[in-house]
Amino acid sequence: MQLDDLYRQVIMDHYQHPRNQGSIEGDALSVDLRNPSCGDEITLQLLVNAQGVVEDVRFRGSGCSISMASASMMTEAVKGMPVDKALELSKEFRAMMRGVPPEEVDMGELEALSGVSKFPARIKCATLAWQALEKAVRSEDEAE
Amino acid sequence: MIYLDNAATTPLHPDVFRAMAPYLQEAFGNPSSLYALGRSARKAVEAARAQVAAFAGCKTGDIVFTSGGTEADHAAMVGAWLAGRSQGRNHIVTTAIEHHAVLDTCAFLESLGAQVSYVAPQANGVVRVEDVLAHLRPDTAVVSVMAVNNELGTLQPIRELAAQVKQRDPDVMVHTDCVQAAGVMPLALGDSQVDLAALSAHKVHGPKGVGALYVREGTRWRPVVHGGNQEHKRRAGTEHVAGIVGFGAAAARLSANWAGHLAHLDKLRDTFVRGLAEIPDVQVQSPPEGAPTIVNVRFLGVRNDRLLMRLDLAGVAASAGSACTAGSLEPSHVLLACGHDREVAQQSVRFSFSELTTAEEIEDAIAIIAREISQLRQNRSDS
Amino acid sequence: MIYLDNAATTPLHPDVFRAMAPYLQEAFGNPSSLYALGRSARKAVEAARAQVAAFAGCKTGDIVFTSGGTEADHAAMVGAWLAGRSQGRNHIVTTAIEHHAVLDTCAFLESLGAQVSYVAPQANGVVRVEDVLAHLRPDTAVVSVMAVNNELGTLQPIRELAAQVKQRDPDVMVHTDCVQAAGVMPLALGDSQVDLAALSAHKVHGPKGVGALYVREGTRWRPVVHGGNQEHKRRAGTEHVAGIVGFGAAAARLSANWAGHLAHLDKLRDTFVRGLAEIPDVQVQSPPEGAPTIVNVRFLGVRNDRLLMRLDLAGVAASAGSACTAGSLEPSHVLLACGHDREVAQQSVRFSFSELTTAEEIEDAIAIIAREISQLRQNRSDS
Ligand SMILES: Cc1ncc(COP(=O)(O)O)c(C=O)c1O
Ligand SMILES: Cc1ncc(COP(=O)(O)O)c(C=O)c1O
Ligand code: FES
Ligand code: FES
């Protein structure tokens, strides 16, 4: 029961060199989310332009290697993507965490996290950033 | 008496006793008390902490005093598992040759729902780093591998192991039982990637009833014994002041004469192994590159309980393995894990030395062992 | 120095030190070892167990040695909760005035999912049996009430409590912290319905770093520290032989002269309380029928930290409450639980005696206290 080595390297690379870490200057959407089981936290900021495309996305947080790597991978995946596509990807990612193999959507590097589905207690770690993304989009919808 | 069971416990050094004595007499204060008597006890405890930390090669604040090696192992494993569990990590990796303080704690945690993988050593008793890595899972909370095995003296590649585990997953805690390593190698814990390590005073000419847990600053380990604010809230209970002072004194003694100490141990081991070579049908089971303090020997065809009884009568103290299970008839779990069969285990005896052992004692012991072995073998062929 | 903080720790008695000394010198064997040196250590441990059992009024086999009172409380609570949980019992009843060794362990167990009810004492510090019974639930695993409170000396009705709890539900385990009761009343544990009880050697002129857990035979308690086979598998770890021998010697001393011992303590207390009556604006907060060893006093208008510092300089050692939190500025949780406000707590000082305290010391201390109090009050009115 091991993550494939290649996958492991991808995860470690994102953990050690997180992409899109930090905060966005100006008035971006911002959400804080906490993993209640361990107390780890993430702050996600999202900037959506007039065309409904994710122009910028950044995160900060304290968490385990899986949660931080997942956040880094998520930001990379959704940056430049239309919001509705990003939500679809989020749905697929959560399905993958339930052990459902991705069909329509190409998961790209995100596939590296598929092994986490075998460890129910760690799924929250991998989905924390995606939950934050969904929450940010919802709060934008409500604001409108 | 020739005492060759120093892996079970060592004589308290007279200098250590002298350091302890005031704290068993007039200086009886509780270190938490604020008046002069309490403050002097506090000072003594903190000085000892610095001595043990210097010996362990770590920051003073990273040493937590415990009641011994067993409690240190217990606290390491339980605290790491509890911390891991709240992060969704319920899995433990350890080896089949750990001391029972680790193995039985793992079984206890299994009864509470933990999952434990037991890595087998190679036939030479060494646990391979890649075998440990192969057992890592995304929900691994802690990896525990001992630095020196107490029955064979085998050295484990702890530093490399810790580095590689951390590289794979920095959130896995690495614990190492250094109880037997403490007298035979510089520990340099602060310089390693190890998070937790167990030490025991009575294995290094200190008193019984005191040990230490190394807890790297910032490690997500959870304290286990709760109550007063002692040990910076990492281990409650009125401090065993005299014992702690004794541990400090014992550690300082070793730090002061490290090279001479190791040279003496090497010489003892050489003398002993050379002496054994004169006895027919003997197999030294400890690896030559192992700790100089422990020589595990198989005397073919001779049951170890018979031999040990005769040695006792002849004034030589040795044992069949770990002291805390000496009363039981179980063959050594360490030898079995290394692939030996029960017969081998039942013919194996552990001789262990310390800096207070002399070369003359070793020579006398060899003569006695040779005599007893030859008589035992003769008796057997008579019957 | 006049030492009036015997509830924090007591001086080791010279006879106890003499009993321990051989086990810190030539008799250093590991009690689990089978050769002569080990067997003599085993014999010493078992003799001490009989001494402590006689003192506690229970069967020898029901005494489990630990590293102190805190570990005994910890093991009692964790082990009882674990055993209860496997029977579907997740609830704990204790009181708001327990020592932190019990309270903080309860908080720890709450963090692991236990449910805990904290019974409040009456204003006089006594916990009523019916208030404890009122908190019992079908899923109560363990009830823990201390025999003598360490800050006030209040006696709790443990025997009746245990009997009534058992009558309600024989499967509830009853634990009692007897650390402060040990020197002031015959414990007669075997004669009670108590299942678990904690003792500590250093409160009765024994050494630090050793205590005992009484575990009634047949009780469904689960051991907590695992490893070697020591203490009949109820507490692993190489035994603190010298400490255990010292505990035995301290217990035997008390058993031998119980009546004289109690009469002396009563006299000390009387002398002290009479002396206090000469000082204006003093309230004795300990109940007159409490333990003779502890007198908690409020000096109206005088902050206890100021007074304690002056007493320290004048050579009198006393404290504001439990030693293990002495360093903290928190007012006593015991006084608050009894309905006193923070101001009262901050003006309260605990004086505690032992058989080694003399009536002359008490009289000298009273004179010093009276002088310091009057100076402190004068300073205040100056400012
Ligand atoms: C490797 C090892 N770990 C742990 C222990 C336990 O230490 P202690 O005897 O201080 O409880 C021992 C010795 O008994 C040991 O050899
Ligand atoms: C009532 C009570 N319980 C428990 C303890 C803890 O015992 P030890 O100091 O041996 O850890 C103490 C003393 O500190 C105490 O007074
Ligand atoms: S353990 Fe906290 S987010 Fe993974
Ligand atoms: S039958 Fe086991 S707890 Fe009721």
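Every heavy atom of this structure was used, including side-chain atoms; hydrogens, water molecules and symmetry mates were not. In the text below, chain A, chain B and the rest are named by the order of the sequence lines, each starting its count at 1.
The two atoms that bring A/Cys64 and B/Gln87 nearest to each other are CB-NE2, 3.9 Å, heavy atoms only. In this structure, B/Asp139 and A/Arg122 approach most closely via the heavy-atom pair CB-CG, 4.1 Å. Between A/Ser65 and B/Asp169, the shortest heavy-atom contact is OG-OD1, 3.2 Å.
The number of heavy-atom neighbours closer than 6.0 Å to CD of B/Glu130, taken from other residues, nucleotides and ligands shown, is above 12. The number of heavy-atom neighbours closer than 6.0 Å to NZ of A/Lys85, taken from other residues, nucleotides and ligands shown, is 12 or below. Applying the 6.0 Å contact sphere to CG of A/Asp27 captures no more than 12 heavy atoms from other residues, nucleotides or ligands. Taking a 6.0 Å sphere around CZ of A/Arg60, one finds it holds 12 or fewer heavy atoms contributed by other residues, nucleotides or ligands.
Looking at B/Arg220, the atoms closer than 4.5 Å to chain A (heavy atoms on both sides) all sit in the side chain, from C-beta outward. Proximity to chain B is limited to the side chain of A/Cys125, based on heavy atoms less than 4.5 angstrom apart. In this structure, the portion of A/Asp40 lying under 4.5 Å from any heavy atom of chain B is its side chain and not its backbone.
With B/Pro138 as the fixed residue, the side-chain contact (heavy atoms from CB on, under 4.5 Å) test singles out one of A/Ile11, A/Leu113, A/Ile66, A/Ile123: A/Ile66.
Summarising the geometry, atom CD belonging to B/Gln167 is positioned 11.0 Å from atom CZ belonging to A/Arg8; distances are rounded to the nearest 0.5 Å.
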